[in-house]
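Below, read A as the first sequence line, B as the second, and so on, with proteins coming before strands; counting in each chain starts at 1. For clarity, every value in this text was computed on a predicted model and none was experimentally measured.
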Number of protein chains: 2
Amino acid sequence: MKGYNYRTTDNDPTTTLPLWEALVTDAVGDVIEFWGFKRNHGRVWALLYLRRQPMSSSEIQEALDLSKGAVSMITRDLEVWSVVSRVRQATSSAWHFVAEVEFMQMIGQVLEQREGQLISRVATDLKDAGRLASEQEDMDPETLERIERMRRLAGMMQQALEIFTRTAQLDVSKTRDLL
Amino acid sequence: MKGYNYRTTDNDPTTTLPLWEALVTDAVGDVIEFWGFKRNHGRVWALLYLRRQPMSSSEIQEALDLSKGAVSMITRDLEVWSVVSRVRQATSSAWHFVAEVEFMQMIGQVLEQREGQLISRVATDLKDAGRLASEQEDMDPETLERIERMRRLAGMMQQALEIFTRTAQLDVSKTRDLL
DNA sequence: CACAAAGTTCAAAGGTTCTTAAACTTCGCA
DNA sequence: TGCGAAGTTTAAGAACCTTTGAACTTTGTG
């Protein structure tokens with residue numbers, strides 16, 4: 001969808017990350033990007049989920065070829081969304097991160113939030129438009145009807161999207177031990 | 001979501017387009033942009049739908065403050081997607097455009113196409129990753145299990161999205177005379 | 001406390017997408 | 001056929017998003 005590529009070094013990344021791990025992290029990165037998040041959000045989560053043991057920022061940074069700042073920002077996002085948590089390791093003074101498994105929940109939450117903002121604004125604007133149009137002198141009633149129909153269509157989209165997010169979450173909880 | 005603003009002239013666009021029309025076209029533009037299309041696709045369709053009579057390229061251009069090239073490209077897209085059609089007017093040698101009403105159909109089609117491409121690629125990559133990982137010497141079976149679980153999650157997303165697109169189209173056909 | 005390591009922030013760089021303007025092509029008509 | 005209007009294509013540029021890298025702040029430990 002976006003396809004940014006900021007790799008500055010020409011080093012083969014497989015020298016630090018096995019191909020199979022790269023395939024998995026990139027695949028999850030693609031999926032998460034499709035849903036409107038950043039590719040690296042998915043890559044970091046997938047790496048932590050695969051490794052199954054806490055990783056430090058610098059380990060993540062090296063494995064995925066990211067900058068220190070990027071790892072800081074991405075892990076903070078993932079933590080806010082509750083899909084990653086921060087733990088202490090006895091052997092090190094640095095924070096380590098582990099993957100949580102509630103992945104669809106994050107997607108559903110953010111989609112519903114985005115959708116809500118959009119639809120409420122659109123509904124307001126279309127209502128205003130209808131009011132202003134009806135105040136016009138030589139207004140065709142058919143035009144007013146069309147505005148009203150668009151308003152209903154927007155509401156329908158909202159319902160459909162709501163159904164989707166609920167279904168997606170339900171499917172996950174149905175097979176709760178999937179991840 | 002995107003929100004580009006290339007308005008070069010500082011002229012008030014309401015001098016050429018009544019406020020209520022601008023509200024409607026912008027609202028539809030916002031919705032369509034949310035679905036991954038360009039804002040101006042929605043604006044042009046909404047204008048044609050509101051006006052209820054064929055409009056020439058230059059009329060669209062002036063009403064929505066677009067360039068000649070932009071109108072050409074946008075109308076071509078809309079025509080390919082069958083949400084706008086091109087007609088001849090007796091009074092003019094120029095093509096005119098009218099809005100079709102199958103709006104959700106276009107969204108559903110394009111979503112399913114995008115989704116299909118993505119999911120099939122992800123499925124392939126995760127399958128490859130699982131195969132490569134299982135060929136490793138000291139591979140933990142639990143890790144293989146996690147790759148397999150991600151593969152299943154991807155399939156689940158596909159199903160959920162499919163349900164959504166079908167539901168959205170179904171809702172429209174149920175109320176087929178909505179628009 | 002001091003200092004070193006870890007973590008955060010943000011201006012600037014790098015990359016992608018969209019729009020425009022101008023060159024180019026096609027179409028309608030005399 | 002030749003001309004002008006209509007329409008299409010595309011290189012250049014504007015706007016936007018993401019990442020980086022360095023300065024800055026916080027944290028842990030002797």
Rounded to the nearest Å, what distance is computed from the [atom1] atom of residue [X] to the [atom2] atom of nucleotide [N]?
{"X": "A/Ile74", "N": "D/dC17", "atom1": "CD1", "atom2": "P", "answer": "17 Å"}
{"X": "B/Lys38", "N": "C/dT20", "atom1": "NZ", "atom2": "C1'", "answer": "12 Å"}
{"X": "B/Ile60", "N": "D/dG7", "atom1": "CD1", "atom2": "C1'", "answer": "13 Å"}
{"X": "A/Leu66", "N": "D/dT18", "atom1": "CG", "atom2": "C1'", "answer": "12 Å"}
{"X": "B/Asn40", "N": "C/dT17", "atom1": "CG", "atom2": "C1'", "answer": "13 Å"}
{"X": "B/Met55", "N": "D/dG7", "atom1": "CE", "atom2": "P", "answer": "13 Å"}
{"X": "A/Gln61", "N": "D/dA22", "atom1": "CD", "atom2": "P", "answer": "13 Å"}
{"X": "B/Asp77", "N": "C/dT17", "atom1": "CG", "atom2": "P", "answer": "15 Å"}

- Item | Base versus backbone protein contacts along nucleotides 1-8 of chain C [heavy-atom cut-off under 4.0 Å; B, S, -] | -----SBB
- Going from CZ on B/Arg43 to CG on B/Asp30, what distance comes out if it is rounded to the nearest 0.5 angstrom? 10.0 Å
- Message: Ignoring hydrogens, what is the shortest heavy-atom contact between A/Ala46 and A/Val24? Give both atom names and the distance.
- Response: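 Between these two residues, the closest heavy atoms are CB-O, 4.4 Å.
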- Message: Please verify the inter-ring angle class for A/Phe37 with A/His41; under 30° counts as parallel, over 60° as perpendicular, anything in between as tilted.
- Response: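 Rings of A/Phe37 and A/His41: perpendicular, as their planes differ by over 60°.
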- A/Ser85 versus A/Glu100, side-chain donor and acceptor atoms under 3.5 Å: yes
- Do B/Leu111 and A/Trp35 share a hydrophobic cluster (ILVMFWY, side-chain heavy atoms under 4.5 Å, transitive)? yes
- Query: Is it the case that B/Arg114 places NZ or CZ above or below the six-membered ring of A/Phe34, under 6.0 angstrom from the centre and within 45 degrees of the axis?
  - Reply: no
